[in-house]
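See structure below.
Chain identifiers are assigned alphabetically (A, B, ...) following the order of the sequence lines, protein sequences preceding nucleic acid strands; residue numbering begins at 1 within each chain.
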Amino acid sequence: MAEPRYDPAEIEPRWQAVWEREHAWEVSNEPDERPKAYVLEMLPYPSGEPHIGHLKTYSVGDAIAHFRRRNGYRVLHPMGYDAFGLPAENHAIKTGVHPRESTRASIEAFQRQFRAWGISIDWTREFGTHEPRYYRWTQWIFLQLLRRGLAYRREAAVKWCPNDATVLANEQVIDGRCERCGAEVEVRQLEQWFFRITDYADRLLDDLDTIDWPAHVKTMQRNWIGRSEGAEVVFRCEELGIDYPVFTTRPDTLFGATFFVMAPEHPDVFRLAAGTDREPEVHEYVNHALNESAEARGDADKPKTGVPLGRTVTNPVNGERLPVYVADYVLMEYGTGAIMGVPAHDERDFEFARTHGLAIRQVIDCGEELPCTGDGPMVNSGPFDGRHNREAYDEIVQWLDREGRGHASVNYRLRDWLVSRQRYWGCPIPVVYCERCGIVPVPEEDLPVVLPDVEDYAPKGRSPLAAAEDWVSTTCPSCDGPARRETDTMDTFVDSSWYFLRYCDPDNDRAAWDRAAVDLWMPVDQYIGGVEHAILHLMYARFFCKALTDMEHLDVSEPFQSLFTQGMVTRAGAKMSKSKGNTVDPADISDRYGADTARCYVLFIGPPDQDVDWSDEGVEGTHRFLARLWRLGAELAETTDAAGAVPAAPEGDDLVLLRKAHWAIEKVTGDMRRFAFNTAISAVHELVNEAYRLRGSAGAGALRFAAETAASLVFPFAPHVGADVYDRLTGRQVWTERWPEADPDLLATDSFTLVVQVNGKVRDRLEAPASATPDELKALAREADNVRAHIDGRDVVKEVVVPGKLVNLVVR
RNA sequence: GCGGGCGUGGCGGAACGGUAGACGCUCCGGCCUUAGGAGCCGGUGGGCCUCACGGCCCGUGGGGGUUCGAAUCCCUCCGCCCGCACCA
């Protein structure tokens with residue numbers, strides 16, 4: 001008989017066919033006695049071929065899905081594609097291939113890989129966000145937001161990427177550059193569509209406390225929302241009779257204000273300067289500031305420039321006249337676009353005052369050098385002198401309120417979400433512009449507004465859709481007069497802000513979802529993805545659910561109950577990238593070693609939430625391990641009898657091996673719960689190693705139990721090997737088997753290794769009965785040979801006993 | 001600058017405040033073999049003593065502290081990584 005050989009190329013397709021035939025991973029929306037679990041990995045963006053990061057994400061998610069299933073849950077584990085977006089369109093511009101084509105090819109590559117990896121997906125729920133049957137409902141959601149006043153159109157200074165020729169959301173600008181292409185962004189005044197996410201700032205902040213997410217992700221969201229409490233204070237320009245409110249977090253420093261500054265974009269800058277001798281200077285400064293790149297202007301280290309407007313405003317608390325400046329360190333988009341300058345207690349104002357020779361007046365005695373932001377008694381503050389600033393804070397705000405010169409106020413860093421894009425490959429915005437009726441939503445029954453084909457995708461500063469005249473030109477749904485369609489498309493983040501809802505009811509052609517289906521599955525119990533989505537996607541999806549819940553289309557205030565962010569896979573410590581030529585193609589790995597090896601290795605390599613470094617030699621080790629397990633199972637299946645029962649009262653090596661098996665069950669189960677897949681796989685290694693060591697001495701029953709258990713425990717990571725070995729030994733389908741439970745009798749031992757320390761240093765180890773009392777352990781410890789040598793002639797002043805573990809003798 | 005994380009053998013990494021280095025890679029040795037880059041078995045942090053059994057010392061980025069006992073907790077310094085950054 002030929003030596004049995006582990007052959008993943010034969011095993012893997014065979015089991016994949018079984019799962020497909022048996023619809024093993026499909027779940028229905030019909031009631032069921034099992035509790036539900038919705039396990040979801042972030043849907044892939046189909047561009048090119050899947051890379052190693054995808055392998056890791058879906059290996060983590062699949063392990064969790066399998067573990068939940070075998071613990072009695074009905075698991076929803078679907079898949080889709082975030083298919084609209086710039087890369088496909090840029091590819092189209094270069095090659096002329098329609099984005100639909102390149103996207104289709106990429107989706108097929110992903111489908112092939114997911115099947116080849118044996119990921120347990122319910123394929124009946126699959127869709128791409130670019131399919132009209134999906135984006136019809138993206139448009140429907142847009143209309144709901146519009147009706148509710150949460151979608152609106154306004155002209156604003158927006159971030160414009162000159163390379164991609166489109167506007168960007170605030171969140172898509174990193175260090176003044178386009179997140180996608182790295183080009184420096186410009187600021188343009190344009191009319192754009194926004195979603196009013198700022199209405200939800202407080203709830204997005206507060207509800208973070210209700211969800212089980214990594215602390216750093218919550219922190220990032222909190223910082224992004226950037227809530228600050230303070231006061232709005234009104235300064236009046238007496239000459240022109242205009243009030244200028246400012247936002248400050250430090251109303252307690254109002255008496256220290258010595259100047260007033262406006263942002264260059266402030267609409268009143270020219271008005272204030274008009275007619276003063278500063279006018280030409282102001283024009284020159286503002287023009288220069290507005291032309292400066294966002295990056296250069298954002299540099300906090302550059303000198304604080306600015307020019308006076310030749311006007312003054314009055315400080316409401318003391319009637320002082322403060323000179324007004326325009327300076328580019330003040331941002332139009334935060335607060336009111338104007339600030340009071342308190343140089344003694346703000347670093348930036350201090351710097352500005354120094355370069356412009358402005359007065360610096362200390363109003364809080366914080367016991368440090370100026371500028372200081374600490375607390376202390378107030379000085380130079382009229383009636384508040386001597387009071388502690390924190391105490392006086394509220395009184396000052398109340399006083400302002402009474403006088404009508406201000407009130408308590410909260411400001412956010414969060415901006416409304418700019419969702420229109422002047423690009424082709426996206427979801428059309430379902431509105432038309434009518435000469436008579438203005439902006440008119442497309443009636444729901446006319447959805448979807450289908451994305452038309454165009455010849456030329458090249459960006460020209462307006463959407464390529466504008467060239468599709470037949471499509472653009474339409475009639476007004478309201479008055480039947482001539483109208484033109486909106487030619488901008490939606491940010492792709494809109495598409496991915498609700499896909500997890502559609503999985504619950506993917507084929508519904510009467511509604512985006514049926515409430516019962518969504519109520520059944522939502523929220524997602526375990527969400528898995530990269531930390532790079534910590535802000536954008538995760539914040540937008542939360543906003544959508546809250547808005548849709550407010551409109552009573554849902555009852556889901558938080559979509560993702562629990563979040564797991566997995567780390568990157570690097571190589572030689574560096575991020576994999578095509579330009580560096582250090583990529584690992586997951587398809588190559590599964591071709592050479594099998595999908596089980598690829599999946600198992602990427603989890604074994606290190607803790608899944610951390611970055612891990614890929615090593616080609618390491619893969620071989622994992623392959624060796626799976627081959628060892630498979631051969632053990634195959635040999636036992638051929639040479640021993642399935643009827644050979646597990647001994648009821650095991651002895652000798654049978655007992656040793658069964659104990660190891662039950663130890664592994666306990667260890668793997670605990671590790672699965674805390675996502676410690678690397679140590680879980682190590683535990684299965686140990687079990688397999690032990691079985692090999694005892695192959696000659698343990699009985700067939702114990703050996704078979706060890707191999708079965710190893711197969712069962714490894715199944716969430718290496719489903720094909722797990723299923724195959726389990727089937728050979730038991731004839732049963734491991735995925736329908738309950739997750740094993742450790743036998744407490746076999747977990748317990750009647751003796752343990754007692755560690756004996758003298759003064760905290762390990763001096764001996766000895767076998768002690770598990771039943772020994774602390775006094776007996778102390779006695780045993782004192783008798784140990786090597787311990788005696790260390791305590792002879794000295795006084796034992798203290799004995800510490802940790803039952804089941806150690807004794808520490810403290811001597812002097 | 002602010003916030004968060006990390007620092008353990010040649011490498012990836014283990015370790016409820018209680019045996020530091022599980023498991024894997026690498027390397028070395030043995031067995032098996034016509035052969036083996038397959039497989040099986042064993043060894044592998046550094047230094048020292050011992051023919052040997054075994055024993056001693058050092059060791060988790062540096063320094064200090066808490067504790068019977070610290071990789072783990074606290075303080076401080078150094079280094080690396082991530083996020084935010086003129087947000088008033």
_Partner lookup for B/G83, please. Criteria are Watson-Crick or G-U wobble with both distances under 3.5 angstrom; report none if nothing qualifies._
B/C2
Counting only pairs under 3.5 Å, give me each side-chain donor-acceptor contact of residues 563-573 of chain A, with atom names and distances, residues two or more places apart or in other chains.
from, atom 1, to, atom 2, distance (Å)
A/Gln566, NE2, A/Thr57, OG1, 2.5
A/Thr570, OG1, A/Val612, O, 3.2
A/Thr570, OG1, A/Asp613, OD1, 2.7
A/Arg571, NH1, A/Thr583, O, 3.4
A/Arg571, NH2, A/Asp616, OD1, 3.2
A/Arg571, NH2, A/Asp616, OD2, 2.6

*Return the value, rounded to whole Å, for the distance between atom NZ of A/Lys805 and atom C1' of B/C68.*
16 Å
*Ignoring backbone atoms, test whether A/Asn808 places a side-chain nitrogen or oxygen under 4.0 Å from the OP1 or OP2 oxygen of B/U67.*
no
*Can A/Ser228 and A/Tyr334 be counted as having a side-chain donor-acceptor contact under 3.5 angstrom?*
yes
_Rounded distance (Å) that lies between atom P of B/G18 and atom CD of A/Glu799_ = 21 Å
*Is the base of B/G24 syn or anti, if syn means a glycosidic angle within 90° of 0?*
anti
*Look at the side-chain N and O atoms of A/Asn678 and state whether any lies under 4.0 Å from the OP1 or OP2 oxygen of B/A14.*
yes
*Side chain of A/Lys302 only, please: which of B/A88, B/G55, B/C86 is the nearest?*
B/C86
*Nearest of B/U19, B/G42, B/A85 to any side-chain atom of A/Arg693?*
B/G42
*Tell me whether the OP1 or OP2 atom of B/A88 has a side-chain N or O from A/Ser228 closer than 4.0 Å.*
yes
_Upstream residue (5' side of RNA chain B) when A/Tyr692 and A/Ile535 are each assigned their closest nucleotide_ = A/Tyr692
_Any A/Arg628 side-chain nitrogen or oxygen under 4.0 Å from OP1 or OP2 of B/C41_ = yes
*So which nucleotide does B/C51 pair with, by the Watson-Crick or G-U wobble rule with both distances under 3.5 Å?*
none
*Do any side-chain nitrogens or oxygens of A/Arg763 fall under 4.0 Å of OP1 or OP2 in B/C56?*
yes
_So does A/Val656 get a backbone contact from the side chain of A/Asp653, meaning a donor-acceptor N/O pair under 3.5 Å?_
no
*What is the distance from CD of A/Gln757 to P of B/G17, rounded to the nearest Å?*
16 Å
*Is any side-chain N or O of A/Arg413 closer than 4.0 Å to OP1 or OP2 of B/A85?*
yes
*What does B/G18 pair with, Watson-Crick or G-U, if both distances are under 3.5 Å?*
B/C68
*Give every residue pair that meets the side-chain hydrogen bond (donor to acceptor under 3.5 Å, both in side chains) criterion with at least one member in residues 212-222 of chain A, sequence neighbours excluded.*
A/Asp209-A/Arg222, A/Asp212-A/Ser562, A/Gln221-A/Arg542
*For B/G7, the Watson-Crick or wobble counterpart (both distances under 3.5 Å)*: B/C78
_Check this one for me: any side-chain N or O of A/Arg624 less than 4.0 Å away from OP1 or OP2 of B/C25?_
yes
*Between A/Glu347 (CD) and B/C86 (P), how many Å, whole number?*
13 Å
*asked:* Going by purine N1 to pyrimidine N3 plus the second Watson-Crick contact, or the G-U wobble pair, all under 3.5 Å, which nucleotide sits opposite B/C31?
replied: B/G39
